[in-house]
Amino acid sequence: MNAPPSPPPVKTTCPYCGVGCGVLARPDGFGGAQVKGDPDHPANFGRLCSKGSALGETLSLDGRLLHPMMRNGEGELVRAAWDDALDRVANGFTETVARHGPESVAFYASGQLLTEDYYVANKLMKGFIGSGNIDTNSRLCMASSVAGHRRAFGSDTVPGCYEDLDEADLLVLVGSNAAWCHPILHQRMAKNRRERGARMVVIDPRATPTSDEADLLLQIAPGMDSVLFCGLFAYLADKGALDRAFLRDHTAGYAEGLARARHIAPDIDAVAERCEVPREQIETFFSWFAETDRAVTLYSQGVNQSAQGTDKVNAIINCHLATGRIGKPGTGPFSLTGQPNAMGGREVGGLANQLAAHMDFEPESIARMRRFWNAPNVAERPGLKAVELFEAVAQGRIKALWIMATNPVVSLPRADAVQSALRQLDLLVVSDVVSGTDTMMASPHVVLPAAGWGEKDGTVTNSERRISRQRAFLPQAGEAKPDWWIVSEVAKRMGFADAFDYASPADIFREHAALTGFENDGTRDLDASGLAALSDDDYARCDPVQWPIVKAGTDGGKRLFASGGFFTADRRARFVAVADPKLAATPGRLLPLLLNTGRVRDQWHTMTRTGKSPRLGAHIGEPYVAIHPKDAETYDIAHGGFARISTLHGSAVLRAEVSEAQRRGEIFAPIHWSAATASDARIGALVQRSYDPVSGQPEMKATQATIAPVRYAIHGFLLSRKPVDLPAGVWWARAAVEGGVGYRIAADRIGAHWADIAKRFLPEHDELVEFLDEAQGRYRAARVLDGSLDACLFLAKSADALPGWGWLKQQLAEPKLSESARRALLAGRAPEGGVDHGPLVCACFGVGRNQICGAVASGSAASVEEIGATLKAGTNCGSCLPEVRRLVAEAKERVPAE
Ligand SMILES: Nc1nc2c(c(=O)[nH]1)N[C@H]1C(S)=C(S)[C@@H](COP(=O)(O)OP(=O)(O)OC[C@H]3O[C@@H](n4cnc5c(=O)[nH]c(N)nc54)[C@H](O)[C@@H]3O)O[C@H]1N2
Ligand SMILES: Nc1nc2c(c(=O)[nH]1)N[C@H]1C(S)=C(S)[C@@H](COP(=O)(O)OP(=O)(O)OC[C@H]3O[C@@H](n4cnc5c(=O)[nH]c(N)nc54)[C@H](O)[C@@H]3O)O[C@H]1N2
Ligand code: SF4
Ligand SMILES: [Mo]
């Protein structure tokens, strides 16, 4: 079959991180698309990271939720018609409100909704149901930044833009692993460092791929960032590195702020001691900051996800206010946003403690919302923030809940408690693009199929306030519908037809833009009213644009606040006297270690989409826990072995990675694995609930924990064209591989004979060719169907007795096995002449570790650039460059000097 002639590429925006890269998508005519960076988009100028580059691999209908489902009398989810499902949701909410009042219902939304989706969800809850109870996963993500901005600036404003990262002479990254989490921005910064000589400082308890590329790493004690930045504030004052005119004309609270900073950080020795960082390093950082006018401080979850996250944000902002380094080229505090529409959600009131268009719950704002929406029932007080909201579910105070575009059974703290709380609900509605998420397994009453990326239209706002279009380029999957449509249909059925009579996302966007300018007159930072009169065609064509944009046709504001004009009553920014920080785990500490959690390069959150890509699954294919060598010794943990980590809330069994990158006393585990992708690795279940008193954002990076070795009798892997149900009691983790699924497995000895054991893993056992070495404790089996490899199972008494699975994965991907490959199957490695590339490093060109090390060993490459020239590794998205650099250095050490 020939593909139909391909239409021109559609310009859209990446659905992952807050960098907001422009994407050119060219549908392939078979339901997929080729994806490239958009050279014209000002966030990425044509580049994409590994996740963006692999978007094409995530578009298949595999695993998609294709039609609405409802729970029947037997408690099973069965297919339902849209009309019935929407009626059920609308009636459920209407009846619950009638019986128990508006505070008994809630929406839990997501920074992965488009602005238009989010706008209608907020309008329905806060405007028409009349409750503040719409909160979002942004509470776990950006809430401390929002609160910090509002305290300092009187508004939730990011003052700078991405060009500042190109133009700064000092880039300070606090609690940010940008090399993996904001790769395209990281590459812009790395280029600045390389070409303009900008210095880069990383502040993180771990050494990370980001710190690998930095000039200075302060491996700070968790939670102590406020001490460090109070110390910096005091140092700047002592050295006279202040902008006196800016202080005088545009700020308030300097004296109190400084006095508190001096109290918390009386001198550099005190800072060094509390941060557990050598004094010289602190001095170096302070002196660099003092002497560099063009300084940007970027921060992310190491700052936000903290019991004093808001204070951390303000301690950073204080230093920028004191030096007037804000709103000018190459300067500013810069909150890196996580999700693609973290900013858009804030703009339309997705957080329970704010109204739409960055307005507060103040009487005049509430009245303004009433006038604008013509809604008599606008909520008059803030709703419950995420952690409290789910506790209210557990207590039966919330009776009907609608979860949209987020997977809280994996991602909320104390996730097991969240899971059981959901079962209490009279009505649980879940909207998602895929089926089988952990949240969808928590017995929802209604499940609604949402149109996914590439199928829906709308806008997102990135970290620099830039509004970009997401455009559809594929038909909607099955019966899936865009979220804005789903919410509007429910609203109509609840009796609010006039207010939700939208024909398109463009309709909603115009209303949102108009609201931002409604009775604004320069009193609110967010004003995009210049876009309120876009025609449908204008909206369809709209280029990326930064707000504020008050007049149609004008360029948005690149930077704000260079000459004051803050959004407080007196137009002055506020220094905040921050509190002395303390980890939530500190008082009455029971367990010896601290569990830090975060992200890996090639997976996105709970893996519902990136988990479909073999390329992305090849980078880090298993859940792991990183631990310092000394701690590993203390707790008897072996590198590559297994460990159970436990907290007061839950436990998980993970592969152990013994690593100098960790501080002693701290372990790190990634957040991505769920019950759908691993047997025992839902990290959210281990995380404490303690949260910042101002922002409500939980401290997800420092839960007290302990660790113990787990020894399995059997280790192995299973590659299969089809997913397999693994027996209970087996440890497993699954990853997409080309042509099928790969499982890493481990178990205690189950069954007396190896063949019995094998039967547990591969039900259609009879067709296998087997190899058993009882003495060595090795069992191997493979099934060949129609000349291609259908499944293979390798088991051994120890992990060392297993071959790597790289070569076998290559065979699974082959439509036909060669004769020599067929003979080599049970050996598990390449026959003479074949090559095993080793674990994947470069996802774009499929370059493995063995290839890189081999090139160095053979002398064909001696630098990252030469690896790029010979193997292409690192030459597309560049996400792997930190790893390539490390491998080249290590391999060079092994090459004897001539
Ligand atoms: N590959 C990938 N990229 C992503 C995502 C993804 O899932 N995968 N998710 C996106 C989203 S929603 C978000 S929010 C961002 C998050 O982006 P980041 O915040 O960069 O990522 P994290 O890994 O959560 O945490 C960052 C770092 O904070 C450090 N940290 C922990 N405690 C402290 C502390 O007390 N002080 C300091 N200074 N540092 C500390 C951790 O060691 C970690 O290295 O990433 C976005 N980008
Ligand atoms: N321990 C710990 N926990 C954390 C964090 C941490 O660092 N440590 N980080 C926190 C942070 S910053 C974040 S942002 C959260 C992320 O946590 P979640 O939001 O729970 O994670 P996702 O996997 O991104 O969930 C998004 C869901 O929306 C679905 N989806 C995708 N597109 C659409 C759409 O267009 N419409 C609808 N209806 N659904 C869609 C996806 O299939 C997926 O199921 O995790 C938080 N939890
Ligand atoms: S940096 Fe990567 S994940 Fe983030 S928007 Fe760009 S391509 Fe997407
Ligand atoms: Mo996030």
Side-chain angles (χ1 to χ4, degrees), residues 15-19 49-51 63 65 109-114 117 136-142 173-183 202-208 210-211 218 220-225 228 299-306 312 336-340 342 403-413 415 430-434 437-440 448-453 455-456 470 480 482-483 486 581 583 594-610 616 666 668-672 674 683-684 686-687 697-703 879:
Y16 298 127
C17 83
V19 177
C49 78
S50 47
K51 293 179 296 300
L65 182 64
S110 159
Q112 291 166 74
L113 291 171
L114 304 181
D117 302 327
T136 129
N137 63 1
S138 285
R139 185 68 60 195
L140 316 177
C141 184
M142 302 314 306
L173 289 112
V174 196
S176 154
N177 185 9
W180 278 9
C181 296
H182 299 91
V202 171
I203 298 162
D204 194 307
R206 301 187 299 151
T208 62
T210 309
S211 67
L218 304 187
I220 192 172
M224 290 303 120
D225 304 80
L228 183 69
Y299 52 93
S300 190
Q301 299 315 337
V303 167
N304 293 339
Q305 284 171 351
S306 156
K312 287 187 181 184
L336 289 170
T337 54
Q339 300 176 91
I403 296 172
M404 307 174 200
T406 174
N407 197 359
V409 165
V410 185
S411 56
L412 271 176
V430 177
S431 312
D432 205 295
V433 295
V434 304
T437 67
D438 287 14
T439 300
M440 230 174 262
L448 302 171
W453 183 76
E455 301 165 4
K456 60 195 279 187
Q470 267 197 22
D483 290 283
I486 302 175
L583 289 179
L594 285 175
L595 169 65
N596 179 6
T597 62
R599 291 155 171 80
V600 302
R601 189 188 82 190
D602 286 357
Q603 293 299 346
W604 177 261
H605 297 160
T606 72
M607 283 170 42
T608 63
R609 290 171 291 161
T610 46
L616 299 181
E666 291 157 29
F668 173 85
I671 59 174
H672 304 290
S674 66
I683 294 303
L686 281 75
V687 174
Q697 181 156 356
E699 183 157 271
M700 303 181 112
K701 302 242 181 283
T703 303
S879 307

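Whatever order the structure lists them in is the order used to number ligands and atoms, beginning at 1. Values below: every heavy atom of this structure, side chains too, minus hydrogens, waters and symmetry copies.
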Just need the protein heavy atom nearest to atom 35 (O) of ligand 2, so name the residue and atom and give the distance.
-> K456 NZ, 3.0 Å

Give the numbers and elements of all ligand 1 atoms closer than 4.0 Å to a heavy atom of G175.
-> 19 (O), 26 (C), 27 (C), 28 (O), 37 (C), 38 (N), 39 (N)

N/O separation below 3.5 Å, T437 to ligand 2 | no

Does I671 approach ligand 2 within less than 4.0 angstrom via side chain, backbone, both or neither, non-hydrogen atoms only?
-> side chain

Consider every N or O of R601 and every N or O of ligand 1, then say whether any pair is closer than 3.5 Å.
-> yes

Applying a strict 4.0 Å limit to heavy atoms, is W453 in contact with ligand 2?
-> no

Interfacing atoms of ligand 1 (cut-off 4.0 Å, heavy-atom, K312) = 34 (C), 35 (O), 36 (N)

Looking only at protein heavy atoms, which one is nearest to atom 17 (O) of ligand 2, and how far off is it?
-> S411 CB, 3.2 Å

Which protein non-hydrogen atom lies closest to atom 38 (N) of ligand 2, naming both residue and atom, and how far is it?
-> D483 OD1, 2.9 Å

For ligand 1, which atoms sit closer than 4.0 Å to a heavy atom of Q339?
-> 12 (S)

Could you tell me which atoms of ligand 1, counted from 1 in the order shown, lie closer than 4.0 angstrom to a heavy atom of K51?
-> 1 (N), 2 (C), 3 (N)

Heavy atom of the protein closest to atom 1 (N) of ligand 2 (residue, atom name, distance) = T597 OG1, 3.1 Å

Can you list the ligand 1 atoms lying under 4.0 Å from a non-hydrogen atom of V174?
-> 38 (N)

Contact atoms of ligand 2, heavy-atom distance to V687 under 4.0 Å = 1 (N)

Got the closest protein heavy atom to atom 20 (O) of ligand 1, with its distance?
-> N177 N, 2.8 Å

Please determine if N407 has a nitrogen or oxygen closer than 3.5 Å to a nitrogen or oxygen of ligand 2.
-> yes

Side chain, backbone, both or neither: the part of V433 lying under 4.0 Å from ligand 2 by heavy atom = both

Output yes when the distance from some N or O of ligand 2 to some N or O of I683 is under 3.5 Å, and no in every other case.
-> no

Indicate, as side chain, backbone, both or neither, the part of V410 found under 4.0 angstrom from ligand 2 when only non-hydrogen atoms are considered.
-> neither

Out of Q305, E699, H672, E455, the nearest non-hydrogen contact to atom 10 (C) of ligand 2 is supplied by Q305

Check: S300 N/O within less than 3.5 Å of ligand 1 N/O = yes

So the atoms of ligand 1 within less than 4.0 Å of a heavy atom of G223 turn out to be 34 (C), 35 (O)

The option among V409, T608, T703 carrying the non-hydrogen atom nearest to atom 43 (C) of ligand 2 is T608

Counting only heavy atoms, which portion of T606 has something under 4.0 Å from ligand 2: side chain, backbone, both, or neither?
-> both

Counting each atom of ligand 2 from 1 as listed, which ones have a heavy atom of L140 under 4.0 Å away?
-> 10 (C), 12 (S), 46 (C)

N or O contact, D225 vs ligand 1, cut-off under 3.5 Å = yes

For atom 13 (C) of ligand 2, the option (of Q697, R599, M404) bearing the nearest heavy atom | R599

What atoms of ligand 1 come within less than 4.0 Å of a heavy atom belonging to P222?
-> 35 (O)

Residue, atom name and distance, where the atom is the protein heavy atom closest to atom 29 (C) of ligand 2 | D432 OD1, 3.2 Å

For atom 31 (C) of ligand 1, closest protein heavy-atom neighbour = K701 CD, 3.3 Å

Give a yes/no on ligand 2: does M142 have at least one heavy atom closer than 4.0 angstrom to it?
-> no

What part of W180 sits under 4.0 Å from ligand 1 if we count only heavy atoms: the side chain, the backbone, both or neither?
-> backbone

Identity and distance of the protein heavy atom lying nearest atom 42 (O) of ligand 1 | D204 OD1, 2.7 Å

Identify the closest protein heavy atom to atom 14 (S) of ligand 1: which residue and atom is it, and at what distance?
-> Q301 NE2, 2.8 Å

Shortest protein heavy-atom distance from atom 3 (N) of ligand 1, along with the residue and atom involved = C181 CA, 3.4 Å

Considering the heavy atoms of W604, write down every atom of ligand 2 situated less than 4.0 Å from one of them.
-> 24 (O)

Is I203 in polar range of ligand 1, meaning some N or O pair under 3.5 Å apart?
-> yes

Which value, rounded to the nearest 0.5 Å, describes the distance between N304 atom CG and Y299 atom OH?
-> 7.0 Å

Around atom 40 (C) of ligand 1, find the nearest protein heavy atom and jot down its residue, atom name and distance.
-> P205 CD, 3.2 Å

Heavy atoms only: which of Q603, H605, Q112 is nearest to atom 2 (C) of ligand 1?
-> Q603

Determine yes or no for a side-chain-to-main-chain donor-acceptor pair under 3.5 angstrom, with S110 supplying the side chain and N137 the backbone.
-> no

What protein heavy atom sits nearest atom 11 (C) of ligand 1, and how far off is it?
-> G338 CA, 3.3 Å

Determine, using heavy atoms of A451 and all atoms of ligand 2, whether some pair is separated by less than 4.0 Å.
-> yes

For G598, atoms of ligand 1 separated by under 4.0 Å from a heavy atom = 23 (O), 24 (O)

Nearest non-hydrogen protein atom to atom 19 (O) of ligand 2, with distance, is N137 ND2, 2.7 Å

Under 4.0 Å from a heavy atom of R609: give me the atoms of ligand 2 that qualify, with their elements.
-> 31 (C)

Would you mind running through ligand 2 and noting each atom that sits below 4.0 Å from a heavy atom of C141?
-> 12 (S), 14 (S)

V600 and ligand 1 - part of the residue with a heavy-atom distance under 4.0 Å = backbone

